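Below: the structure, in structure tokens.
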Amino acid sequence: MTGDGAAARCGGPMENYYNPKNVESKWQQVWQDEQSFCASMDSEKEKYYLLEMFPYPSGRIHMGHVRNYAIGDVVARFKRMQGFNVLHPMGWDAFGMPAENAAIEHKIHPAKWTYENIDSMRKQLKRIGLSYDWQREFATCDVDYYRWEQLVFLKMFEKGLAYKKGSSVNWCEDCQTVLANEQVEDGCCWRCHNLVQPKELEQWFFKITNYADELLEWTDKLSGWPERVLSMQRNWIGKSYGCEIEFPVADTTEKVKVFTTRPDTLFGATFMSLAPEHPLVKSLVTAEQEEEVNKFIAAVERQDKADRTSGNLEKIGIFTGSYCINPLNNEKIPVFLANFVLMGYGTGAVMAVPAHDQRDFEFAKKYQLPIRVVIQPEGEDLVADQLAEAFTDPGLLTNSGQFDGVDNESAKEQIAAFLDERGEGRKTVNYRLRDWGVSRQRYWGTPIPIIYCDSCGAVPVPEEELPVILPTDVELTGEGGSPLARHKDFLQVACPKCGKPAKRESDTFDTFVESSWYFARYTCPDYTDGPLDKQAANHWLPVDQYIGGIEHAVMHLLYARFYTKILRDLGMLDVDEPFTNLLTQGMVCKETQRCPEHGWLYPEQVEDGKCTICGQLVELGRTEKMSKSKKNVVDPNQLIDQYGADTARLFSLFAAPPEKDLEWNEQGVEGCFRFLNRVWRAVSDNLELIKNTAIPNTVSGDAAELRRKTHQTIKKVTEDVDGRFHFNTAIAAIMELVNAIYSFKSRQENPGVLREALEAVVSLLNPFVPHICEELWQLLGHQQSVESSGWPSWDESALVAAEITLVVQVNGKVRGKINVAVAADSQSIETEALSEPNVQRFIAGKQLRKVIVVPGRLINIVVG
RNA sequence: GCGAGAGUGGCGGAAUUGGUAGACGCGCUGGUCUUAGGAACCAGUAUCCUAUGAUGUGGGGGUUCGAGUCCCCCCUCUCGCACCA
């Protein structure tokens, strides 16, 4: 312990009143000077890697950040007090669209904008007193970070895990640029409002489908993850067992391959639906249908891609003029194109069974196609003409030739086997999961290290020529596509294979690539020989506790799991999964306010329900996630200025449990500030009294009660914080203990009991409000910091009371209470309960049927 | 549309395994102290109400001695849906 921090420690105590400003700047300085939270691998202690999802450097910290990082900090400090060697790093998810938009809007370079934002956000985070190891900080736009991502890409390319294929993007012809889904509003460009068209581009993909099974299997082993996240991931991967069936096209040698999970309904197929993008469409369309079909395809192309995958739209279709043959019954069925059939799933062709599939049913009704029942529920007789909706439940086969009478689950097997034997189909496994498209036609991202040569094709940049540095001399206008695609010095390069003039790839990576491995790089941020120092990565990984928003339940968390397996298979680390435990936190919301003239208003632009600009009455909007665009934000800086960081932290933790959305309410903040003042006074008012006292072993009366409360609180807070993350109830329990301290009568006679209670309060509160706790701990006369003094433990023998109160119910309704000795047997409890006067009133003259005694809780007397 | 969650006083929330519904905090009401307080402290506060009573956890049904908790149906809200991060 050297440096100015130690000097600050020796400085005079500030016990007279609670002044958060002084207390907080004092301890933040100490932590910085002593590098209190820097983690090292040499420690004897067991490692604990705690991580919150890193922020995008938008420029300002908002309450959602405060909440996320306060939650993480509680765990970090709690684990440190429990004696773990805690790694708790922070960094910046720094590539992405907002920097480009800022560049277009304010004529500032994305790099300048990003790094300035990082500087100001770092300052704000430090004001909150978060216990980060700032030595490990990095931004994903640092060359020393993304260069290793380029290396991993080359290895993936080598192994065939990165490949190129055609894929469609949102294209605005006016701006000559690719739009993100977010930039498409009602099918139009958000800047020029022109119609957005699909455009086919060659793009890079990661072969996440190779890992579909492993990703799925591990969802059963991640016991530290919320079940709802696992369930969403399982459904996203969407593994289904089914059958591929080939339908010959009538009068040709072509075959249409379909995938179905319901081969049992094959006899009920009355038509075929193809995706409009299906490769066979051209050869299937007959001359007389051609014009109509082309119109239809153009109409579907205009539909929002997101809408089409979401199925929110009206189902439409068109007859191609051709027919297919059902291989089981040789029936001729018409082939349609349908907008809800997607090329990306299965084979892009669906055998339509209207009687047993709701989408097909609606389609058949609309286009007057035949409906045939092939599954009958037991004891019913479905008639096709009378169906109001598709029947999708189990039943027995009918109208199905030799399979009639077989139950449909066995029929799935039998029909698949039958087709397989005849070479007309086979059992298959299908996934909903698609390969991960990582190409972005954007500037502010990691350049993809590929060179295109007319003779050699796509040639990887040789490892020794990495990194491919993102050039900074660009101008962003929002039009004409990515600036990289127009940057001659960047583009023009010799082919690494043949030396002829060639062209660099101008696309950059999806920013999800950076966030798929940052947690691994934190273990060795300065390593220069590769992406990861294997020893460090293996020491710290997996992350023991990962904390972040529920909105990342599928994509980020699935990509990070996939990328970890890639790094493992490239021999760069030895873990299978990146995150052992996951906590998904809810959002911070606040009501919105809107002026009829000036639109959304910030809270400070409203006075007495009126707009401060024009004086008009303000409309109260819905309570929504805090966002800049809705202006329903609370600036944490103002809150910290007014009450201090400890109050801001305490409130964000006390107002709701972490997984729940938190609705912002200013008044609750006051209450938290009052509580900290109460704690401060409880310590400072009793300092004289508790000086030089020891904790007694045996006490009686209200001293015994306070002692019991102290130990019960230690137990409750420990259990609530450890793994359960019920911070709000942990804080409530500490509040109860503080209330008990205030009403403690015999303090003069029992100063030791009082001291024990006060020290417990300070220790237990430390993870939540560390500044005030360090100060109070020092006031209590300790030389060591409270964080290094260990987590308090409870004494089992101090927990038990001699007597307990039991509730007596009659027919399930509370009718009285009795006090009994803890050791009382159920026979004597029963006797006592039956003789309770009010209970007597309710059982008098009635037949006693049953008495249920729940030990330690209640007695229920059943009469009738 | 598909997938996943949530719904409890005036408000935020508590009730860990089916066992006293409303802990803790806010707000409100009354009081004490004070020149004064938007400070501090004390008391009260689900609803109806004469209560030792009745009702009450989004709505409707069910299982149970007992349901906020388990089962079925419905309503509302939130998140994700592959180029926002």
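Quantities reported herein were computed from a predicted structural model and do not represent experimental measurements. All chains are named by letter (A, B, ...) in the order of the sequence lines, taking the proteins before the strands, and each is independently numbered beginning at 1.
For the residue pair A/N677 and A/Y17, no side-chain donor N or O sits within less than 3.5 Å of a side-chain acceptor on the partner. In the model, A/T219 has a side-chain atom that pairs as donor or acceptor with a side-chain atom of A/R234 under 3.5 Å. Checked by atom type, the side-chain pair A/T446/A/E514 shows a donor-acceptor distance below 3.5 Å.
Residue A/K813 has no polar side-chain atom (N or O) positioned under 4.0 Å from OP1 or OP2 of B/G56. Under 4.0 angstrom from either OP1 or OP2 of B/C24 there lies no side-chain N or O belonging to A/N739. In this structure, A/T511 reaches the B/A85 phosphate: one of its side-chain N or O atoms is under 4.0 Å from OP1 or OP2. Contact annotation: A/N860 side-chain N/O to B/U64 OP1/OP2 distance is not under 4.0 Å. Residue A/R815 places at least one side-chain N or O closer than 4.0 Å to OP1 or OP2 of B/A54. Applying the 4.0 Å criterion to OP1 and OP2 of B/G27, one finds that A/R674 has a side-chain N or O inside that range.
The interatomic distance linking A/D720 (CG) with B/A15 (C1') rounds to 12 Å, in whole Å. In this entry the distance linking NE2 of A/H726 with P of B/A23 reads 18 Å, nearest Å. Residue A/E52 contributes atom CD, which lies 17 Å from atom C1' of B/A85 at whole-angstrom precision. Taking atom CZ of residue A/F842 and atom P of nucleotide B/A54, one finds them 6 Å apart after rounding to whole Å. The nearest whole Å value for the distance from the CZ atom in A/F673 to the C1' atom in B/G38 is 13 Å. Put simply, CZ on A/R228 is 15 Å from P on B/U78, counting in whole angstrom units.
Side-chain atoms of A/L764 and A/V761, non-hydrogen and from C-beta on, never get closer than 4.5 Å to each other.
Within the 4.0 angstrom heavy-atom criterion, base atoms lie near A/Q809. Within 4.0 Å of A/A655, counting heavy atoms only, lie sugar-phosphate atoms of the nucleic acid but no base atom. Here A/T805 lies out of heavy-atom contact (under 4.0 Å) with every strand. Using a 4.0 Å heavy-atom distance criterion, A/R234 is classed as making no nucleic acid contact. Among the atoms of the strands shown, none is found under 4.0 Å from any heavy atom of A/W436. Here A/E836 lies out of heavy-atom contact (under 4.0 Å) with every strand. Within 4.0 Å (heavy atoms only), A/H552 reaches at least one base atom of the nucleic acid. Nucleic acid contact class of A/N838 (heavy atoms, under 4.0 Å, all strands): base. At a threshold of 4.0 angstrom between heavy atoms, the contacts of A/P837 with the nucleic acid are absent. If you check every strand for non-hydrogen atoms under 4.0 Å, A/F675 touches nothing. Contacts of A/E670 with the nucleic acid, taken as non-hydrogen atoms under 4.0 Å apart, are absent. Using a 4.0 Å heavy-atom criterion, one finds that A/R724 contacts the bases of the nucleic acid, with or without backbone contacts as well. Within the 4.0 angstrom heavy-atom criterion, base atoms lie near A/R440. Heavy atoms of A/G437 sit under 4.0 angstrom from primed sugar atoms or phosphate atoms, though from no base atom.
One N or O donor and one acceptor, one from the side chain of A/R442 and one from the base of B/C83, sit under 3.5 Å apart. The base of B/C83 lies outside donor-acceptor range of the side chain of A/Q183, with no N or O pair under 3.5 Å. Within 3.5 Å, no donor on the side chain of A/E551 pairs with an acceptor on the base of B/C84, nor the reverse.
In this structure, A/R440 fails the cation-pi test against A/F509, since its NZ or CZ atom is not both closer than 6.0 Å to the six-membered ring centre and inside 45 degrees of the ring normal. A cation-pi contact, defined as under 6.0 Å to the ring centre and within 45° of the axis, is absent between A/K164 and A/F205.
With rounding to the nearest 0.5 angstrom, the CH2 atom of A/W436 is 13.0 Å from the OG1 atom of A/T209.
B/C28 and B/G18: their P atoms are spaced 40 Å apart (whole Å). Nucleotides B/A39 and B/C48 are separated by 38 Å at their C1' atoms, to the nearest Å. Atom C1' of B/A82 sits at a distance of 25 Å from the matching atom of B/C77, rounded to the whole Å.
Shown here, B/G53 forms a base pair with B/C48; the pair counts as Watson-Crick or G-U wobble because both key distances fall under 3.5 Å.
For B/G27, the O4'-C1' to base torsion is more than 90° from 0; the nucleotide is therefore anti.
Using a cut-off of 4.0 Å between Lys/Arg side-chain N and Asp/Glu carboxylate O, A/R841 and A/E836 are scored as not salt-bridged.
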